[in-house]
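Because only heavy atoms are used, hydrogens play no part in the values below, and waters and symmetry mates are left out as well, while side chains stay in.
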Amino acid sequence: MRQHDKLFIGGEWVNPAGTGTLDVISPHTEEVVGRVPDGTAEDMDRAVAAAREAFDHGPWPRMTFAERAEVIARLAAIYNERQSEMAQLITEEMGSPITFSNLAQAPQPLGMLQFYAELGRTFEQEEQRQGVFGPITVRREPVGVVAAVVPWNVPQFVTMTKVAPALLAGCTIVLKPAPETPLDAYLLAEWAAEAGVPAGVFNVVVAGREVGEHLVSHPGVDKVAFTGSTAAGRRIAAICGEQLKRVSLELGGKSAAIVLDDADLASSMGFLAMASLMNNGQACVAQTRILASRNRYDEVVDAVAGMVKAQAVGDPADPATGIGPLVAKRQQERVEGYIKIGMDEGAKVVVGGLDRPYDKGWYVAPTVFAGVSNDMRIAREEIFGPVLAVIPFEDEADAIRIANDSDYGLAGTVWTADPEHGMDVARQVRTGTYGVNCFMLETNAPFGGYKASGVGRELGPEGLSAYLEYKTISRLG
């Protein structure tokens with residue numbers, strides 16, 4: 001078992017203020033695999049004070065972008081050498097299939113570090129412009145102390161969407177990992193210290209919701225970067241709005257995959273399996289609404305059902321596993337509750353249902369619903385599990401209407417034999433990230449959502465801008 005009895009604050013491993021602990025439980029075995037301190041408000045105060053001191057008086061914000069980029073590059077090199085260790089750790093603590101952990105849970109955070117290290121080597125802190133009366137200097141300065149609050153589903157991916165650009169900008173950071181998945185954050189703290197990130201620049205305190213809100217509302221924090229549920233995002237936005245504090249929010253989704261009549265179903269299902277079921281369905285970008293025309297509806301339902309049936313359900317450490325357990329018992333019960341809701345709403349279970357695949361572990365049966373209308377709860381609410389709803393449309397305009405008929409706007413896809421026409425569809429769907437015959441999150445392109453899916457953008461140069469303040473200096477003579 002991985003036992004940690006300290007917190008990472010001010011560049012040191014320090015004793016917590018309290019005596020409470022948090023158990024990390026394997027979703028596969030239901031056994032304790034780790035234990036960490038349960039952070040208190042006093043611990044958060046200490047972490048913010050360390051970050052504040054490092055920002056107000058330390059070297060990090062006063063270094064050039066290129067100098068900070070070299071430190072980030074050293075961290076990336078350590079990450080690159082040990083990314084398999086990170087992937088295995090995430091699989092152990094939250095049940096992500098090891099194939100997905102090796103494909104995304106560790107490599108994508110590494111890619112972000114590499115991207116921002118490269119960007120920082122040429123990024124200019126000041127830009128010269130000509131004003132009416134004389135020269136103008138536009139200066140980019142770090143926003144300050146950042147509270148990074150992250151969820152459990154893709155813990156390193158979400159952490160790095162915040163930490164990598166914040167580091168490059170010259171910010172200092174207090175990271176609050178989810179209680180379910182703290183172990184990867186401890187490993188990252190070790191690597192950051194080894195890479196030479198100065199004391200107080202990166203701090204880690206694991207805590208629950210109440211202490212997390214204490215961090216968000218702390219007067220020493222200049223910006224909050226949050227990924228999680230829309231409900232929690234609204235609460236955080238309200239706190240930050242009251243304090244006029246900078247905030248970025250990456251929230252939920254209910255993304256639609258539009259299958260046009262000319263799509264090759266065999267090849268489409270191969271890619272759609274990842275787009276809709278990645279990480280056991282615990283992904284905000286998952287394409288969980290499958291939109292099919294009435295002309296091919298039964299054919300698409302059969303294809304989706306076959307795709308889901310082909311996924312091996314079992315031990316996430318087994319490379320043959322396509323779908324593993326959900327992160328916690330409460331998540332298992334939540335997803336099963338939605339399966340029952342779908343049945344009660346009159347949707348037809350084509351695959352899966354309420355029979356659990358295993359007696360032990362927090363597994364649910366991957367489920368496909370047919371006969372779904374877009375006003376059903378299973379089509380409107382984020383389930384966060386391997387549950388897909390196949391919804392019929394009359395024509396392409398109706399498909400776009402249904403895709404846009406959602407409180408969310410995070411991701412989406414279209415599947416077609418004509419990629420250029422797919423681009424036309426993509427331009428009409430109001431969502432932040434879209435794929436034509438694929439779905440990818442690129443490190444050099446912005447990621448974020450429309451509507452209730454969030455505020456602001458992460459990744460790419462746009463992700464760096466979220467951690468910068470812009471100062472205009474006019475000069476006469």
*Could you verify whether a donor N or O on one side chain and an acceptor N or O on the other, from Lys162 and Thr227, lie under 3.5 Å apart?*
yes

_I want to check something: taking the side chain as every heavy atom from C-beta on, are Glu70 and Arg121 in contact at a cut-off of under 4.5 Å?_
yes

_When you compare the side chain of Thr413 with that of Phe271, does any pair of heavy atoms fall below 4.5 Å?_
no

*Close side-chain approach of Phe384 to Gln331, heavy-atom, < 4.5 Å*: yes

*asked:* With rounding to the nearest 0.5 angstrom, report the CD to CG distance, Gln83 to Asn102.
replied: 8.0 Å

*May I ask you to decide if Ala195's main-chain N or O and Arg74's side chain share a donor-acceptor pair within less than 3.5 Å?*
yes

*CZ/Arg52 to OG1/Thr172 distance, rounded to the nearest 0.5 angstrom?*
6.5 Å

*asked:* Any non-hydrogen side-chain atom of Arg475 less than 4.5 Å from a side-chain atom of Ile473?
replied: no

*Rounded to the nearest 0.5 Å, how far does CD of Gln128 lie from CD1 of Ile136?*
9.5 Å

_Pro366 to Ile323 - nearest heavy-atom pair and separation_ = CG-CD1, 3.6 Å

*How about Glu420: does its CD atom have over 12 heavy atoms from other parts shown lying under 6.0 Å from it?*
no

*asked:* Taking atom CD as the centre, does Gln3 end up with more than 12 heavy-atom neighbours from other residues, nucleotides or ligands that are less than 6.0 angstrom away?
replied: yes

*asked:* Quick check: closest heavy atoms across Thr181 and Trp152, and the distance to 0.1 Å?
replied: OG1-CA, 3.3 Å

_Please give me the minimum heavy-atom distance between Tyr116 and Ala164, naming the atom from each residue._
CD1-CB, 3.7 Å

_If you compare all heavy atoms of Tyr338 against all heavy atoms of Ile378, which two are closest, and at what distance to 0.1 Å?_
O-CG2, 3.5 Å

*Would you tell me whether Asn203 and Arg46 have side-chain atoms, one donor and one acceptor, within less than 3.5 Å of each other?*
no

*Decide yes or no for Thr161 and Phe447: does some side-chain heavy atom of the first lie under 4.5 Å from some side-chain heavy atom of the second?*
no

*Check: Ile258 and Val425 side chains under 4.5 Å, non-hydrogen atoms*: yes

*Closest non-hydrogen atom pair between Glu382 and Gly252, with its separation*: OE1-CA, 3.4 Å

_I'd like to know if the side chain of Lys223 pairs up with that of Ser248 as donor and acceptor (distance under 3.5 Å, no hydrogens or angles considered)._
yes

*Between Val158 and Pro151, which heavy-atom pair has the shortest distance, and what is it?*
CG1-CD, 3.5 Å

*asked:* Looking at Arg334, I want to see if its CZ is surrounded by more than 12 non-hydrogen atoms of other residues, nucleotides or ligands under 6.0 Å.
replied: yes

*Find the distance between CZ (Arg209) and NZ (Lys176) and round it off to the nearest 0.5 Å.*
9.0 Å

*Got a sec: does the CZ of Arg35 have more than 12 other heavy atoms crowding it under 6.0 Å?*
yes

*Qualifying residues under side chain to side chain contact (heavy atoms under 4.5 Å, CB included), relative to Thr431, sequence neighbours excluded*: Val429, Tyr434

*Give a yes or no on whether the ring-centroid distance for Tyr186 and Trp13 is below 6.0 angstrom.*
yes

*Does Gln282 use its side chain to pair, donor to acceptor, with the backbone of Val327 at less than 3.5 Å?*
yes

*For the residue pair Thr321 and Ile98, establish whether any side-chain heavy-atom pair is separated by less than 4.5 Å.*
no

*Sidechain-backbone polar pair: Gln287 side chain, Val285 backbone, donor-acceptor under 3.5 Å*: yes

*Leu175 side chain reached by Phe8 side chain, heavy atoms, under 4.5 Å*: no

*Can you tell me how far the CZ atom of Phe133 sits from the CG atom of Leu476, to the nearest 0.5 Å?*
8.5 Å

*Give, for atom CG of Leu119 and atom CE of Met112, the distance between the pair rounded to the nearest 0.5 Å.*
14.5 Å

